[in-house]
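Nothing fancy with the numbering, it's 1 onward along the sequence.
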Amino acid sequence: MTRVILAVDPGKASGIALFEVKPEAEPEMLWSGEYQQHEYAFPIRKAFAYAQSAGSRLEVVCERFTINAQTVKNSQAPYSLEQIGILKQIMMDYGRDPEDIYFQSPADAKAMFTNEKIRILDYWHRGGEGHALDAIRHALLRLAKSGWIPTKLLK
């Protein structure tokens, strides 16, 4: 069965990437981008519509956002939490349980898939501030956690 993975790096500018994995094939990045707050919901809804049209269940992975003392020092802006709330609402709009989101640590994603590794795997996003790359990292980490082996990195 074909898998479709939506990966989100939430924030004031959010990174979003969509991957499709067909049986016995390497993951294909369908698109990636960086979106401002007023643009954020559209690509998420587009991903859900794509998965429905392909007859696939969309897997949603999102960067975990935790408020701690450092977060409070850096900013009082609640952008990431607000974007996660929008993501959860869209999931409910599509009849999905928002508890189905796979949350992952940003440190784990960056450690596993450095910029060099993303370039080797040919999933590089050009332009932007790095948010799309963070979404790509989360998609790749989710795929690796569920059994995908990035064979290009083994050479």
Side-chain angles (χ1 to χ4, degrees), residues 1-37 39-66 68 71 79-88 90-91 94 96-155:
M1 174 189 248
T2 299
R3 296 173 64 196
V4 179
I5 313 287
L6 171 68
V8 179
D9 170 44
K12 188 172 185 179
S14 297
I16 302 176
L18 190 68
F19 280 75
E20 185 171 55
V21 187
K22 295 180 178 169
E24 309 303 318
E26 284 296 301
E28 177 185 358
M29 185 168 68
L30 301 178
W31 52 262
S32 62
E34 293 187 5
Y35 303 90
Q36 298 302 312
Q37 289 178 297
E39 305 167 307
Y40 175 79
F42 178 77
I44 295 170
R45 291 185 187 284
K46 182 173 128 182
F48 272 92
Y50 177 81
Q52 281 183 338
S53 71
S56 301
R57 180 174 172 84
L58 188 68
E59 295 177 40
V60 180
V61 61
C62 184
E63 181 173 291
R64 181 181 304 114
F65 181 75
T66 306
N68 56 32
T71 310
Y79 304 115
S80 295
L81 290 177
E82 290 172 350
Q83 301 306 67
I84 291 169
I86 292 168
L87 175 61
K88 288 182 174 187
I90 293 171
M91 288 188 71
Y94 281 86
R96 298 283 303 282
D97 184 345
E99 297 301 313
D100 288 345
I101 298 173
Y102 295 97
F103 284 100
Q104 300 177 150
S105 136
D108 289 348
K110 285 183 180 180
M112 180 84 169
F113 291 99
T114 62
N115 284 351
E116 180 184 355
K117 289 177 181 176
I118 293 173
R119 285 183 199 274
I120 291 168
L121 293 168
D122 200 27
Y123 294 125
W124 190 256
H125 175 88
R126 287 170 179 74
E129 300 172 11
H131 304 293
L133 288 171
D134 288 339
I136 292 165
R137 284 180 229 288
H138 282 291
L140 298 176
L141 180 58
R142 173 72 195 131
L143 288 165
K145 284 181 173 181
S146 61
W148 170 64
I149 298 171
T151 55
K152 286 184 182 177
L153 297 178
L154 302 175
K155 295 177 184 178

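- Side chain of Glu39 to main chain of Gln36: a donor-acceptor pair is present (N/O by atom type, distance under 3.5 Å, no hydrogens or angles).
- Summarising the geometry of Arg3 relative to Leu143, their closest heavy-atom pair is NH1-CD2, 3.8 Å, with the distance given to 0.1 Å.
- Distance SG/Cys62 to CZ/Arg142: 13.5 Å, rounded to 0.5 Å.
- Atom-to-atom distance recorded for Trp124:CH2 and Met29:CE is 10.5 Å, nearest 0.5 angstrom.
- Using a distance-only test at 3.5 Å, with no hydrogens or angles considered, a donor-acceptor pair links the side chain of Tyr40 to the main chain of Gln83.
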Output a table of donor-acceptor pairs, distance under 3.5 Å, between side-chain atoms of residues 130-137 and any protein atom two or more places apart or on a different chain; print 'none' if there are none.
{"from": "His131", "atom 1": "ND1", "to": "Asp9", "atom 2": "OD2", "distance (Å)": "3.4"}
{"from": "His131", "atom 1": "NE2", "to": "Glu129", "atom 2": "OE1", "distance (Å)": "3.4"}
{"from": "Asp134", "atom 1": "OD1", "to": "Arg137", "atom 2": "NE", "distance (Å)": "3.0"}
{"from": "Arg137", "atom 1": "NH1", "to": "Phe113", "atom 2": "O", "distance (Å)": "2.7"}
{"from": "Arg137", "atom 1": "NH1", "to": "Asn115", "atom 2": "OD1", "distance (Å)": "3.2"}
{"from": "Arg137", "atom 1": "NH2", "to": "Asn115", "atom 2": "OD1", "distance (Å)": "2.8"}

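- Ile5 has its side chain out of reach of Leu58: every pair of non-hydrogen atoms, C-beta onward, lies at least 4.5 Å apart.
- Between atom CD1 of residue Ile86 and atom OG of residue Ser14 there is a gap of 8.5 Å, rounded to the nearest 0.5 Å.
- The existence of a salt bridge linking Arg64 and Asp108 is excluded, since no basic side-chain nitrogen approaches an acidic carboxylate oxygen closer than 4.0 Å.
- Checked against Val60 for a side-chain contact (heavy atoms from CB on, under 4.5 Å), the options Tyr102, Phe103, Phe48 give a single hit: Phe48.
- In plain terms, the two heavy atoms of His138 and Ser105 that are nearest each other are CE1-O, 3.6 Å.
- The side-chain heavy atoms of Val61 and Ile101, taken from C-beta on, include no pair separated by under 4.5 Å.
- Gln37 places no side-chain N or O within 3.5 Å of a backbone atom of Lys12 that could act as its donor or acceptor partner.
- With values rounded to the nearest 0.5 angstrom, Ile16 atom CD1 is found 10.0 Å from Glu34 atom CD.
- Among residues at least two apart or in separate chains, side chain to side chain donor-acceptor pair (under 3.5 Å) pairs with a member in residues 41-53 are Glu20-Tyr50, Arg45-Asp93.
- Counting only distance, with no hydrogens or angles, the side chain of Ser56 and the backbone of Thr2 share a donor-acceptor pair below 3.5 Å.
- The two residues Pro27 and Trp148 have their closest heavy-atom pair at CD-NE1, 3.2 Å.
- Rounding to the nearest 0.5 angstrom, the gap separating the CD atom in Gln104 from the CG atom in Leu141 is 4.0 Å.
- Residues passing the ring pair (Phe, Tyr, Trp, His ring centres under 6.0 Å) test with Tyr123 are Phe19, sequence neighbours excluded.
- Closest non-hydrogen pair, Gly11 versus Tyr79, comes out as C-CB, 3.8 Å.
- Of all non-hydrogen atoms in Glu63 and Ile84, the two that sit nearest each other are O-CD1, 4.2 Å.
- Side-chain contact check for Ile118 versus Leu121: every heavy-atom pair is 4.5 Å or farther apart.
- Met91 places none of its side-chain heavy atoms less than 4.5 Å from the side chain of Leu6.
- Contact check for Leu153 versus Ile120: side-chain heavy atoms found under the 4.5 Å cut-off.
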